[in-house]
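Structure, as structure tokens:
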Amino acid sequence: MEEGSFRSSIPTYVDKSKVLDVKPLRTLKPLFVSSAQAPPLFSSSPSGPFPSGFTPFYPFSMNGESPGKNQRGGMASDKMDVDGANGNAGSSRKRGAGKQKKAARKSVGSRNAGVSFTVNGGANFIARCTPFNKEDGDREMVEYVLMTFDAVRRRLSQVEEAREAPNGSIKRPDLKAGNVLMSKGVRTNMRKRIGATPGVEIGDIFFFRFEILVVGLHGQSMGGIDTLITKGGKGDDSLAISIVSSGYYDDDTEDKDVLIYSGQGGNPISKEKEASDQKLEKGNLALERSLHQANEVRVIRGMKDPMNSSVKIYVYDGLYTIKESWLEKGKSGCSVFKYKLVRLPGQRSAFADWNSIQKWKAGLSSPAGLISQDISSGAEKITVALVNDVDGREAPSYFTYSTVLRYSRSIRLTNPSVCNCHKACQPGDLNCSCIRNNGGDFPYASSGVLVSQKPLVHECSPTCPCFPTCKNRVSQSGLKLKMEVYKTTDKGWALRSWDPIRAGSFICEYAGEVVDSPSGLQGIGQEDDYIFDTSRVLGQSYKWNYEPSLLNEEIPDESTENDNIPALVISAKNVGNVARFMNHSCNPNVFWQLIQYEQNRDSFLHVAFFAKKHIPPLTELTYDYGISQFETHRRRNCLCGSEKCRGFFG
DNA sequence: GGACTCTCAAGATC
DNA sequence: CGATCTTGAGAGTC
């Protein structure tokens, strides 16, 4: 820690001649891949359809359900079959369009005719949840289950918020989504175990109790103590295997490695019933037995979301053991069991980081290697830190910080449209033309998260009469997260957030200068490492949107709209915002989404980044740069290090 | 804006 | 199979 030793060299006034030209990603050598080796390219038309969001992702085996399409063979065959998945999904969607509008429920079954299911006769993608990986998971399965949960939950929120009379409706989309996943068997790590949960990493964050349940980290939907029956007999022979410290009880969570956890029970059940003494039974008894057994106990710490105090975030803080227990008088005057849990040494930090970040934000301390408090020089509403803890005080190469996308000339994309709402646009209000432009669905849930990826999201424009607080302006509100541009050991500069990020949250726009002539792109990409190009094709498709069949919905027909979206190419070499520091990954945690809104009587395209999954603080933000369609384009070696790394990008 | 109350929920267990 | 237990999350209130 070299606290307080910086506070200089804001890049806008550093001596350009002395600054090394640091690329966002280190370029090793040009890489040319023959077509036989190249990964499958999807929908190569520059006008779309949108390359990333619409081809269903099959991360796991189809178990021979797409015969003849699986061309990888060997080990790969039971992992991923992107070719087959795309072939199937693409054709079935086209067939489904128009014909099956009415038979929503039926169509799901008939579309899948001939496919054998392993679970509840649901959609074929559920077949990936095999008895094997439902019992014991891995990272891929955990991420898949979490992504499915949140996609379903977002959709249920969207449907719910559009409803006029919320009587008998889904008030708890999280519980409903949990129920859908449980009943369809979309879950993992169902086998209870002592110690680590395969695929769940220390530091992982969760926004709902059900998320923790469906990945098998903690097997109680509400209760704070989960137990494992050790001998075939009574419940008495149980050990505590995981606990959630949520704030409901008076736990002491001050120390980053020690947790004083309260036993369960004794709370007043209703207004009439008084608090009572806790008894040495159930979870309390299991904790007591675990004290003597000294077995590992998983600890999940709940805390307020620094972004939104009404939201609670759960952080998996790794394994602890119980060292002591005692009985004391609680605030109500009744006896409460207390357990002292101590974190096992040698685990990567998780909860401790949250404490550090709080101090940084409060100005009580600084991260090691802080060079600048704000590389945006005040352009952003929230400061953007610059940190180099790797090689001294070197700063990124010179550029002009801009929060907006600069168009050199106006491009009329569609007829500009403004809505006629005079407060905030209301989900479900089909009189609102902005909502109609989005196909009738409000693109964002009330929490501000994007519900589904689409070819194009139509936001309300600055000229719409609705309030600036209208929820349909998410990408126009600027940075909300506390960002940090930081130096990595091997990938140049990178971007991360001090705040936790919920899946679907808006992160930032890709600011820069629009490159006018798409025909001239071939040359531009050669020299400019800060090009963003919507016509690049993503090397790996994935499914972010909810699976309609899980909710007995028909597959929406997106094929007719947005066929004429032109390619958008942006250079952030000279002008840009934090987005220019985001590196490529083949397994990214961020994706981009085209947004359109009206400005000065013309409609303009924007590129907005959203969180693909929940992102813990200080995790590098990455997106898939995609692959240029120009064969002469210079490709670069990928250093993302993910298991499914395709080896190159660009 | 935040602390509080109210309401309606879920799975596990017995 | 249903009652009981154990709180979570969102909305509404002051």
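Fair warning: this is a prediction, and the values are worked out from it, not measured in the lab. What you see below is based on every heavy atom in this structure, not just the backbone, and it leaves out hydrogens, waters and symmetry mates. Each chain gets a letter, A, B and so on, in the order its sequence line appears, and its residues count up from 1.
For A:Tyr248 and C:dC5, the shortest distance from a side-chain N or O to OP1 or OP2 is not below 4.0 Å. Using a 4.0 Å cut-off, some side-chain N or O of A:Ser246 falls inside it from OP1 or OP2 of C:dG8. OP1 or OP2 of C:dG8 lies within a sub-4.0 Å distance of a side-chain N or O belonging to A:Arg209. Put simply, A:Lys304 has no side-chain N or O that comes within less than 4.0 Å of OP1 or OP2 on B:dG1.
B:dA10 atom P lies 17 Å from atom CD of A:Glu211, rounded to whole Å. The nearest whole Å value for the distance from the CG atom in A:Leu156 to the P atom in B:dA9 is 14 Å. Atom-to-atom, CG of A:Asn284 to P of B:dT13 comes out at 16 Å; the value is rounded to the nearest Å. Atom CZ in A:Phe208 sits roughly 18 Å away from atom C1' in B:dG11 (whole-Å rounding). As a whole-Å value, the separation of A:Asp305 CG from C:dG10 C1' is 15 Å. Here C:dG10 presents its C1' atom at 11 Å from CD of A:Glu161, a figure rounded to the nearest Å. Protein atom CG of A:Asp174 is 11 Å distant from nucleotide atom P of C:dA11, rounded to whole Å. As a whole-Å value, the separation of A:Arg187 CZ from B:dA10 C1' is 12 Å.
For A:Ser446 and A:Lys312, each mapped to the nucleotide of DNA chain C holding its nearest heavy atom, the one lying further toward the 5' end belongs to A:Lys312. Between A:Ser309 and A:Ser221, the residue anchored closer to the 5' end of DNA chain B is A:Ser309, taking for each the nucleotide with the nearest heavy atom. Of the residues near DNA chain B, A:Gln220 and A:Leu175, the one whose nearest nucleotide (by heavy atom distance) lies more toward the 5' end is A:Leu175. Looking at which nucleotide of DNA chain C each of A:Phe207 and A:Glu281 is closest to, the 5′-most match is held by A:Glu281.
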- From CA spacing to verdict: side-chain hydrogen bond (donor to acceptor under 3.5 Å, both in side chains), A:Ser325, A:Glu288: CA-CA 7 Å; A:Ser325 75; A:Glu288 200 65 40; 3.0 Å; yes
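A salt bridge does not link A:Lys312 to A:Asp305: none of the charged nitrogens lies less than 4.0 Å from a carboxylate oxygen.
A:Arg473 contributes a side-chain N or O that, together with a main-chain N or O of A:Phe467, makes up a donor-acceptor pair within less than 3.5 Å.
By the 6.0 Å and 45° rule, A:Arg154 stacks over the aromatic ring of A:Trp544.
Comparing C:dC5, C:dG10, B:dA10 against the side chain of A:Phe210 picks out B:dA10 as the nearest.
A:Gly283 comes within 4.0 angstrom of nothing in the nucleic acid, heavy atoms only. Contacts of A:Asn179 with the nucleic acid, taken as non-hydrogen atoms under 4.0 Å apart, involve only primed sugar atoms and P, OP1 or OP2.
Dense packing is recorded around NZ of A:Lys361, with more than 12 heavy atoms of other residues, nucleotides or ligands lying under 6.0 Å away.
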